[in-house]
2 protein chains.
Amino acid sequence: MSKTTIQDIARVAGVSKSTVSRVLNGTAAVNPEKKKAVLEAIDRLGFKPNLIASSLAGGRSMTIGVVTQLIGSPFYDTIAQGVVAELHETDYSPIFADGQWQATEELEAIQALMGRRVDGLVLIGGSLPGDEISDLCGDLPTVIVARQFSGRGNICISMDNELGSYQLTKHLIDKGHRKIAVVRGLEHHRDATDRFDGYQRALRDNGIGLDSRLVYQGDFSAESGMAAVDNLLAEKVEFTAVVAANDLTAFGVRLALHHHNVAVPEQVSIVGFDDQLETSFTIPPLTTLRQPAREMGSQASKALLEMIAGNNFSSKVFQGELVLRESVAEIAR
Amino acid sequence: MSKTTIQDIARVAGVSKSTVSRVLNGTAAVNPEKKKAVLEAIDRLGFKPNLIASSLAGGRSMTIGVVTQLIGSPFYDTIAQGVVAELHETDYSPIFADGQWQATEELEAIQALMGRRVDGLVLIGGSLPGDEISDLCGDLPTVIVARQFSGRGNICISMDNELGSYQLTKHLIDKGHRKIAVVRGLEHHRDATDRFDGYQRALRDNGIGLDSRLVYQGDFSAESGMAAVDNLLAEKVEFTAVVAANDLTAFGVRLALHHHNVAVPEQVSIVGFDDQLETSFTIPPLTTLRQPAREMGSQASKALLEMIAGNNFSSKVFQGELVLRESVAEIAR
DNA sequence: GTGCTCCTTGAAACCGATTTCATGGTAGCG
DNA sequence: CGCTACCATGAAATCGGTTTCAAGGAGCAC
């Protein structure tokens, strides 16, 4: 551990601490010769400034708090990656705390990060009410990713889930499908309800009535996709396509259909949501809606840095991109 | 931002800073009444100690540096999750820096973390030579995950890749396969070479010669799995099974076979490596080797905390677990 | 009642930087 | 040549805690 301090450098270079600090931060002009002496001393002693001390003195910690919800979801993981990657170029370091999709945990996580005097906060997902977040964070720059908010004064980087689901459903309708089953995501989860809304709007816009027998309440898991299919088949409900809550659920749907010897896409078409890495390699490759997860993460970091710099930044809603692959077939009407 | 300091609490409670500090940390006995007064003041003013100041004064930052290699690999991500989850219960917070699988970046990442005076370091993967790590970190407690080391005095939490691959290959042999193709992982990557070694040993132990036409140099991607199959088929090399470098590669293999109308597992069996979430839902569900990624991560945190506490801890090599699903068929000899 | 120890407590030093402030020196200008 | 203005520089205060140290008080034994 480099125990050398700014004081040591000052002594070796024959200047004062103040001067060393000025060289380090370029806060003021210094005599070129002294500057050289300082730099040499730094190099020779292998000095690394103690960021903790500098945080305390400077009032800025150069850290960004990131609150995750540690469910091994590729989507959220990718967002986190984007956040970290974007910060990588800067002098800020991300410091993590986890909320586990539970309000109390999330609150603790935020408080822990604030105790560390982070300069900004990125919340990825989460279940804490918007206003509570505002109260908690006060004037601490805060960005919320993958979540849309009605709360006051928060910046959100989110996805238009309703539209995405609308597009997917519309795509199926355009291909001639009218008996379209849906596997919903986690109950009360905003993303899930938005997607379901998009599904409904697409049906409505095309004069197709909502058939409750085609709606299955899932939870974003593959298992719920399988259960949905088992259920549909057991009940002998006719359907030619399935809108899955996300890709993982679509995997489950697809596997269950396989078990029941239903051909995809010949007999039943499937669409997912997310476009996670594996979807291009399933059989058949899955038609889905790409969420720009990594980009959302890096956008969140960018927004936060702007806010910290004192600039304005407004919320951004991303639109997904329909990725057509082979899991949807056209059918005769 | 709570601007209240320990000084404010002291004033309100009518005691000295020292006493407040003692109440906060329980470092010494305090008069119950004063203690009560202090606690009340803390509660009333909503005081949260400034961890930065306390780090500086206390000499410990209560922070753990985690060096990742930001490739969106589910395996490494899961390890990171394990690390974070385990730390969640403690007063330590993980702070991230990324190495991008490049030695120079990794070096910078480590230095940045040391500048933050982390109390310990977890390296997930990485390419920096072991001795260099030792030099760099000195006596800073350090744990390396998902990597085996010859370097001196480092603690490693790793997987026996050679054995895992041996078991998978052996399983195929037991099922009657003798023409077993292999798609290797990234060149020069230790995990990849270990796995290839395991493959070779299994063949050797069972009197099967190594046929270089059955060996394809991949890179852990799904694309390389597809390319391998295309190649094998184009060259008209006979094979009845494929050992893929990891699950993702196996997905590629499986898709390419599908495109060529080769039935899995009837005509060709496949085994993967990792047991990532999606593998149980592919068609057919993939036989693979489960890596206890999350557990490795949490084990790493545990080890690190022990080391920080001054206790000894030795390296640990995990063994994977063969997960039998439906992608392997028995064939007549 | 005196002397001693033990315990609680506050004052002050300290952690390692940044930043303010005062000073001496130099340059510019009349 | 003298005055002001400015620049570079170091001393000292500061950030918000922890920890050492010495002192005051209580408790106990004689």
> What integer distance in Å separates B:Lys34:NZ from C:dT8:C1'?
Replying inline: 8 Å

> B:Glu33 has an atom CD; how far is it from atom P of C:dC7, in whole Å?
Replying inline: 20 Å

>> Using a heavy-atom cut-off of 4.0 Å across all strands, would you classify B:Ser54 as base, sugar-phosphate, or nothing?
In response: sugar-phosphate

> Contact class for A:Val15 (heavy atom, under 4.0 Å): base, sugar-phosphate, or nothing?
Replying inline: sugar-phosphate

> With side chains defined as the heavy atoms from C-beta onward, is the minimum distance between B:Val118 and B:Ile64 less than 4.5 Å?
Replying inline: no

>> Under 4.0 Å, counting only non-hydrogen atoms across every strand here, what does A:Ser18 touch: a base, just sugar-phosphate, or nothing?
In response: base

> Looking only at atom types and distance, does a side-chain atom of A:Glu106 sit under 3.5 Å from a main-chain N or O of A:Ser127, one as donor and one as acceptor?
Replying inline: yes

> Over how many whole Å does the gap from A:Lys3 atom NZ to C:dC14 atom P extend?
Replying inline: 15 Å

>> Expressed as a whole number of angstroms, how long is the span from A:Arg11:CZ to D:dA11:P?
In response: 14 Å

> What do you reckon, is CG of A:Asn311 surrounded by more than 12 foreign heavy atoms closer than 6.0 Å?
Replying inline: yes

> In whole angstroms, how far is the C1' atom of D:dG17 from the NZ atom of B:Lys48?
Replying inline: 16 Å

> Of all the choices, C:dG10, D:dG16, D:dG10, which nucleotide is nearest to the side chain of B:Ala53 once you look at every atom?
Replying inline: D:dG16

> Side chain of B:Asp194, backbone of B:Asp191: donor and acceptor closer than 3.5 Å?
Replying inline: no

> OP1 or OP2 of D:dC15 less than 4.0 angstrom from a side-chain nitrogen or oxygen of B:Asn50, does that happen here?
Replying inline: no

> Rounding to a whole Å, what distance do you find between A:Gln7:CD and D:dA12:P?
Replying inline: 12 Å

> Between A:Arg60 (CZ) and C:dT18 (P), how many Å, whole number?
Replying inline: 10 Å

> Picking from C:dT9, D:dG17, D:dA11, which would you name as closest to the side chain of B:Pro49?
Replying inline: D:dG17

>> OP1 or OP2 of C:dG10 versus the side-chain N and O atoms of B:Thr19: is any pair under 4.0 Å?
In response: yes

> Strictly by modelled atom types, are B:Gln81 and A:Asp77 linked by a side-chain donor-acceptor pair under 3.5 Å?
Replying inline: yes

>> Does C:dG16 have OP1 or OP2 under 4.0 Å away from a side-chain N or O of A:Thr5?
In response: no

> Does a distance-only test, which skips hydrogens and angles, find a donor-acceptor pair under 3.5 Å between the side chain of B:Arg117 and the base of C:dG16?
Replying inline: no

> When you measure from the side chain of B:Lys17, which nucleotide among D:dT9, C:dA13, C:dG10 comes out closest?
Replying inline: C:dA13

>> Without decimals, in angstroms, what is the distance between B:Asn25 CG and D:dT18 C1'?
In response: 8 Å

> Which residue lies toward the 5' end of DNA chain C, B:Val30 or B:Leu56, if each is placed at its nearest nucleotide?
Replying inline: B:Val30

>> Please pick, from C:dA17, C:dG10, D:dT18, the nucleotide with the shortest atom-to-atom distance to any side-chain atom of B:Ala57.
In response: D:dT18

